[in-house]
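Encoded as structure tokens, the structure appears first; notes follow it.
Letters A, B, ... mirror the listed sequences (proteins, then strands); counts begin at 1.
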2 protein chains.
Amino acid sequence: MSVTPTASPLFLRENEVRRGVELLFFGYTRLTRAIDEGLAEHGLGRAHHRALYFIARQPDLPISALLKILAITKQSLGRVLTDLGDRGLVETRVGNVDRRQKLLRLTPEGIQFEAQLFDALRNSLASAYAAAGQESVTGFWRVLEGLIPAEDKAMVVALQKDI
Amino acid sequence: MSVTPTASPLFLRENEVRRGVELLFFGYTRLTRAIDEGLAEHGLGRAHHRALYFIARQPDLPISALLKILAITKQSLGRVLTDLGDRGLVETRVGNVDRRQKLLRLTPEGIQFEAQLFDALRNSLASAYAAAGQESVTGFWRVLEGLIPAEDKAMVVALQKDI
DNA sequence: CAAGATACGTCAATATGGCTGTCCCATCTT
DNA sequence: AAGATGGGACAGCCATATTGACGTATCTTG
């Protein structure tokens, strides 16, 4: 420990914080752009991909769970799910434990389409992982986890528990 | 080196890739939410903040440079800059080397407002950094840098060179 | 100097993805 | 039987992005 008194690290890191803000902005937006072309082929947008992605991740997800994940309104999600249903990418079945629920899953075409989009994400992320090295990947995850508020963390962990 | 042949790491990391996709999604969206309240007080949105942020970062930025950073159209940026100008947060001056250019900078009110928004970002990011530790922060940066296409990297480096 | 390229502004039309508020129905819980 | 919950649907609105076309001032170059 240094003898020199230092101000709280929380208030001494403007440069590091700006760097993080900028890298997050560029990294996130560039990653999402990787799939725009594939989406446009089906006349879909990024909102559709987000739904598709999380349905692929947790088949038989109830609508209420997807609403929590995406943190948008029922109406906004409704339009997206209608589009995906119309294109035969997503289907619903009645919940077996609670018949009010509709459980979402991808159709075979939906599975194939999501996999195609995921390939683009994998190409981008895997090459970033490879360039940075495994220790960096761990750090990448740790920092991002720290950005997720405590009340949302359980949701994210649930997505990843069955990996 | 293992004797067992392994497939290319670029195609064996579905779990790691999905984890990255999800953490980036939640981390990025939660970080951006941290400033919504402050923006709403002025009737502004996230698009305004992005402009404000990069103008704060590089005073006397020409409009063309901001267009490249944000990667949106002139028309979209035009509205944002009009709003910021109307509220007295941003001002322009004619370029001294090239009189066609308009150099953007924040007014004193703009500087103060940007700093207020930045405080919220700093709180979120600094606590994530602190929880993860410095080695993690380095990894976080490295992976995100790997997500930025080569043709955009110079732009990001330019932002950070004067840190 | 004339011609073309560049920086910026602006008009009109359009798309996407969010929002609020309200109301409804089916089903589960108590 | 009453209330809570899961989901759907209506209407209207807002923020942010798009394309294409055109105009003007200024810089660069043959």
Of the options [options], whose atoms approach the side-chain atoms of [X] most closely?
X: B:Ser64; options: C:dC8, D:dG6, D:dA17; answer: C:dC8
X: B:Thr73; options: C:dG9, D:dA17, D:dT19; answer: D:dT19
X: B:Ser76; options: D:dT18, D:dG8, C:dG9; answer: D:dT18

Q. Across the strands shown, which category fits A:Gly45 at heavy-atom distances under 4.0 angstrom: base, sugar-phosphate, nothing?
A.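 Sugar-phosphate contact only - A:Gly45 comes under 4.0 Å of backbone atoms but never of a base.
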Q) What is the nucleic acid contact for A:Arg46, judged by heavy atoms within less than 4.0 Å: base, sugar-phosphate only, or nothing? A) sugar-phosphate
Please list, for nucleotides 24-27 of chain C, all pairs of protein and nucleotide N/O atoms separated by less than 3.5 Å.
{"from": "C:dT27", "atom 1": "OP1", "to": "A:Arg99", "atom 2": "NH2", "distance (Å)": "3.2"}
{"from": "C:dT27", "atom 1": "O2", "to": "A:Arg100", "atom 2": "NH1", "distance (Å)": "3.4"}

Q. Of A:Ala47 and B:Gln101, whose nearest nucleotide on DNA chain C comes first from the 5' end?
A. B:Gln101
Q: Working to the nearest 0.5 Å, report the span between CG of B:Leu89 and NE2 of B:His48.
A: 10.0 Å
Q) If you measure from OG1 on A:Thr29 to CZ on A:Phe25, what distance do you get to the nearest 0.5 Å? A)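 Spacing of OG1 (A:Thr29) from CZ (A:Phe25) equals 5.0 Å.
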Q.
Here's one to test your reading of the geometry: is the NZ or CZ of B:Arg18 within 45 degrees of the ring axis of A:Tyr53 and under 6.0 Å from its centre?
A.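 Geometry flag: set, cation within 6.0 Å and 45°.
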Q. When you measure from the centre of the six-membered ring of B:Tyr129, is the NZ or CZ of B:Arg122 under 6.0 Å away and within 45° of the axis?
A. no
(Q) Measure CZ/B:Arg33 against C1'/C:dC19 and give the value in whole Å, please. (A)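 Interatomic distance, CZ of B:Arg33 to C1' of C:dC19: 14 Å.
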Q. Between the base of D:dG20 and the side chain of B:Gln75, is there any donor-acceptor pair under 3.5 Å?
A.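 Flag set: donor-acceptor pair detected.
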Q. Should B:Leu44 and B:Leu84 count as side-chain neighbours, where that means a heavy-atom distance under 4.5 Å?
A.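 A side-chain contact exists here, since the closest heavy-atom pair is under 4.5 Å.
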Q. Side-chain N or O of B:His48 less than 4.0 angstrom from OP1 or OP2 on D:dT16?
A. yes
